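This is the structure I have questions about; it appears just below.
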Amino acid sequence: MTDTLRTPPTAHHERPFLSDPGRWEKERSRALHFGHIRDHTCSDACELVLVYERTGWGWFAWTIPGDGSTPETPHQIGVLAPAATRAQRLALRWLTRRPAQRISLAPIPGSLRLSAAAIALIGLAVGLPAIARGLPVDVALPAVLLAPILAEHLPDRLDARAREQVRSVEGKDAVRYLQRLAALHTYLVQAAASEDRYELHRSAEIGQNLLWDAADLLQARGTHSAPAALIDRERLMHQLADQVAQLLKRSATEHGTADAGQRREAVRPLVPHPPCVRPPTPQHKSSTGPLKGTLLMPPTEPTPAVRTTKVYLLFAHEPYYPGPGTREINTTVVAADSLLHPQVLQPDGARIHDLLTQGRRPGEIIPLSTLTHELNGGADWPTIGDWERVTTDLVRLVRSGNCDALSLGLPEIARALVCTGPHSHVRAYDAAANEFIAYGPTERAAVLTEVDIILTSLVSEHDLWPGNDLIHPQFPHA
């Protein structure tokens, strides 16, 4: 995967309402009549009219230039939380409603919502006759007074609650950065909508998480306090878009040569949440592995004559939590050479390293269960080494920061699949449907593909650092 897109995404969101230009003209006309446009008379105290353009992941808030031109940069960008619930989406719609009209209370400083004033008048019109007909004053008067107060202040309380579900960014530099990310994310979303493939849908989900993380950083710290983290997220988004472009190109080629009546089987997503990624230690750099742009396919039979160290070991382990409030980590991916670390049980680690690097493709992720399958279903593990002790040492190595790793919090079914052999099945009981669902090699390959997508982005700059003072492998590698 490269830093430059082979098929750059269409320029999205460079103008408001690109898909509906007439909407912009309507909103502009309304602002000219009822609001304050952005012109030379604006000051910091000006309350500008914002035109909200909702998207599937958030919104753009555009101002109305006084010279009649179309704005190129939004005034504000809002991002909705990933995997948003219906209530959270309602919060987004509430925040992007049209601003309330207000009535000046001059000569008294301040203003009053038109709705509050209307409710006050209605309350008087209804309350006074009700009192005259015998309704107790201590009942009617509080209702007449409280109704306009609620109409004036309740929307502000609801605004505050709704803002907890979104991250909004203002400021020229921050908005331009998020505008670029939003264009890339829109490309991922459109690609996922164009073809029902798990890899494309998952890329869109990861893009939403990157967009949310970036908005969270910008809202909390700004562009100057977290430049490295923001650059990393934009690079990852570019790499996702690059990989999606390759997938679409490959898919177009496959569809062109396949039988017209053949349908692709949709893969059920098994990893609905983004994994917790342990970033590589920046001071330990190595050459970039040839994993770029490669999607993992089901493992082939090993060819003993070919060896490569540019492979990765995936193994499940006892769950742990890296820190307070973090997600459970139950699966880890390390570079093959981490098995040669002196803090790993030896020579067992070196023997597993030898087995792991035989007949593999560069950049391949090999689950520990695949090695078990190759070792006669695990019967031959005693001739290789104590895999339980080795994986325990690797987890300890990762948690102490003595090597890099991709740390994952896989759901139950996904974790079970990577713990089984390449031809095994996992059955799960669906209580709602009162039936058992079987997951097999196809779903296992989908889980590994998901892991590969994340790992590809992670090692695009430099490979996972295996640690220092590694021992020599038992067999030299070409």
Side-chain angles (χ1 to χ4, degrees), residues 289 296-319 330-400 402-406 408 410 415-426 440-441 444-445 447-448 451-452 455 463-478:
L296 188 66
M297 300 301 292
T300 57
E301 293 299 321
T303 305
V306 180
R307 292 178 179 273
T308 177
T309 58
K310 293 296 181 183
V311 295
Y312 305 89
L313 174 67
L314 179 149
F315 59 94
H317 48 76
E318 288 295 320
N330 55 32
T331 309
T332 296
V333 180
V334 296
D337 284 353
S338 291
L339 289 160
L340 303 176
H341 199 282
Q343 294 182 25
V344 174
L345 178 66
Q346 302 297 345
D348 301 51
R351 290 172 182 162
I352 298 175
H353 178 272
D354 173 58
L355 178 65
L356 186 70
T357 56
Q358 289 187 45
R360 316 296 180 181
R361 295 186 306 277
E364 187 176 354
I365 302 173
I366 300 96
L368 184 68
S369 59
T370 298
L371 300 183
T372 299
H373 169 75
E374 295 172 356
L375 291 172
N376 195 20
D380 295 336
W381 265 121
T383 64
I384 301 297
D386 186 347
W387 62 267
E388 291 181 290
R389 171 72 183 279
V390 167
T391 53
T392 299
D393 290 345
L394 286 172
V395 172
R396 187 180 299 113
L397 202 66
V398 170
R399 299 193 66 178
S400 63
N402 288 319
C403 76
D404 287 338
L406 172 61
L408 304 165
L410 295 184
R415 187 170 183 267
L417 284 168
V418 299
C419 289
T420 61
H423 307 300
S424 301
H425 289 76
V426 172
R444 183 180 188 265
V447 175
L448 295 178
V451 176
D452 183 72
L455 185 64
D463 208 349
L464 295 181
W465 171 55
N468 292 327
D469 303 322
L470 306 180
I471 69 171
H472 292 290
Q474 289 191 337
F475 298 94
H477 295 265

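Excluded from the calculations below are hydrogen atoms, water molecules and symmetry mates; all remaining heavy atoms, backbone and side chain alike, are included. Since this is a predicted model, take the numbers as computed values, not measurements.
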Measuring from atom CG of L417 to atom OG of S369, what distance do you get when rounded to the nearest 0.5 angstrom?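 The OG atom of S369 is 9.5 Å from CG of L417, to the nearest 0.5 Å.
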Do L314 and L448 come within less than 4.5 Å of each other through their side chains, counting heavy atoms only?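 Side-chain contact under 4.5 Å: yes.
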A side-chain contact here means heavy atoms from C-beta on lying under 4.5 Å apart; do V398 and C403 qualify?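 They are in side-chain contact.
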Distance check, rounded to the nearest 0.5 Å: W387 atom CH2 versus T372 atom OG1?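 Those atoms lie 6.5 Å apart.
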Is there a salt bridge (Lys or Arg N to Asp or Glu O under 4.0 Å) between R351 and D354? Walk through the geometry before answering. CA-CA 5 Å; R351 290 172 182 162; D354 173 58; over 6 Å; no
Looking only at heavy atoms, which two atoms of P342 and D469 are closest? And how far apart?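 Scanning both residues completely, I find the closest heavy atoms to be CD-O, 3.2 Å.
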Under 3.5 Å donor-acceptor, Q346 side chain and H341 backbone: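 Between the backbone of H341 and the side chain of Q346 there is a qualifying donor-acceptor contact (under 3.5 Å).
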For residues T370 and R444, is any side-chain donor paired with an opposing acceptor at under 3.5 Å?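 Checked: T370/R444 side chains pair up, N/O donor to acceptor below 3.5 Å.
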Rounded to the nearest 0.5 Å, how far does CG of L464 lie from CG of L313?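 The distance works out to 11.5 Å.
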Considering all heavy atoms of both residues, which atom of E318 and which atom of R415 are nearest to each other, and what is their separation?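 It is N-NH2, 4.3 Å.
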Does CG belonging to N376 count more than 12 external heavy atoms closer than 6.0 Å?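 Yes, CG of N376 has more than 12 neighbouring heavy atoms, counting only those of other groups under 6.0 Å.
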Between P441 and S424, what is the shortest heavy-atom contact and its length?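 P441 and S424 have their closest heavy atoms at CD-O, 3.8 Å.
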What I'd like to find out is whether the side chain of D348 reaches to under 4.5 Å of the side chain of R389, using heavy atoms alone.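 Heavy-atom side-chain distance check fails, nothing below 4.5 Å.
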Do H317 and T391 touch side chain to side chain, with heavy atoms closer than 4.5 Å?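 Counting from C-beta outward, H317 and T391 never come under 4.5 Å.
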Determine whether T332 and L394 make a side-chain contact, defined as any pair of heavy atoms from C-beta on separated by less than 4.5 Å.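 The answer is no, as the side chains (C-beta and beyond) never meet within the 4.5 Å cut-off.
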Minimum heavy-atom distance between A405 and V334, given as atom pair plus value: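 Smallest heavy-atom distance, with atoms named: CB-CG1, 3.9 Å.
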Rounded to the nearest 0.5 Å, what's the gap from CG on D337 to CH2 on W465? Could you check?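 With rounding to 0.5 Å, CG (D337) is 13.0 Å from CH2 (W465).
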Inter-residue atom distance D452.CG - I365.CD1, 0.5 Å rounding: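 If we round to the nearest 0.5 Å, D452:CG and I365:CD1 are 4.5 Å apart.
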Q343 and R396, any side-chain heavy atoms less than 4.5 Å apart: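 Side chain of R396 against side chain of Q343, heavy atoms only: no contact under 4.5 Å found.
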What's the shortest heavy-atom distance between L340 and A350, and which atoms?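 It is CD2-CA, 3.8 Å.
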If I take atom CD1 from residue I366 and atom CZ from residue R361, how far apart are they, to the nearest 0.5 angstrom?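 These two atoms lie 8.5 Å from each other.
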L375 side chain reached by L355 side chain, heavy atoms, under 4.5 Å: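 Result yes, sub-4.5 Å side-chain heavy-atom pair found.
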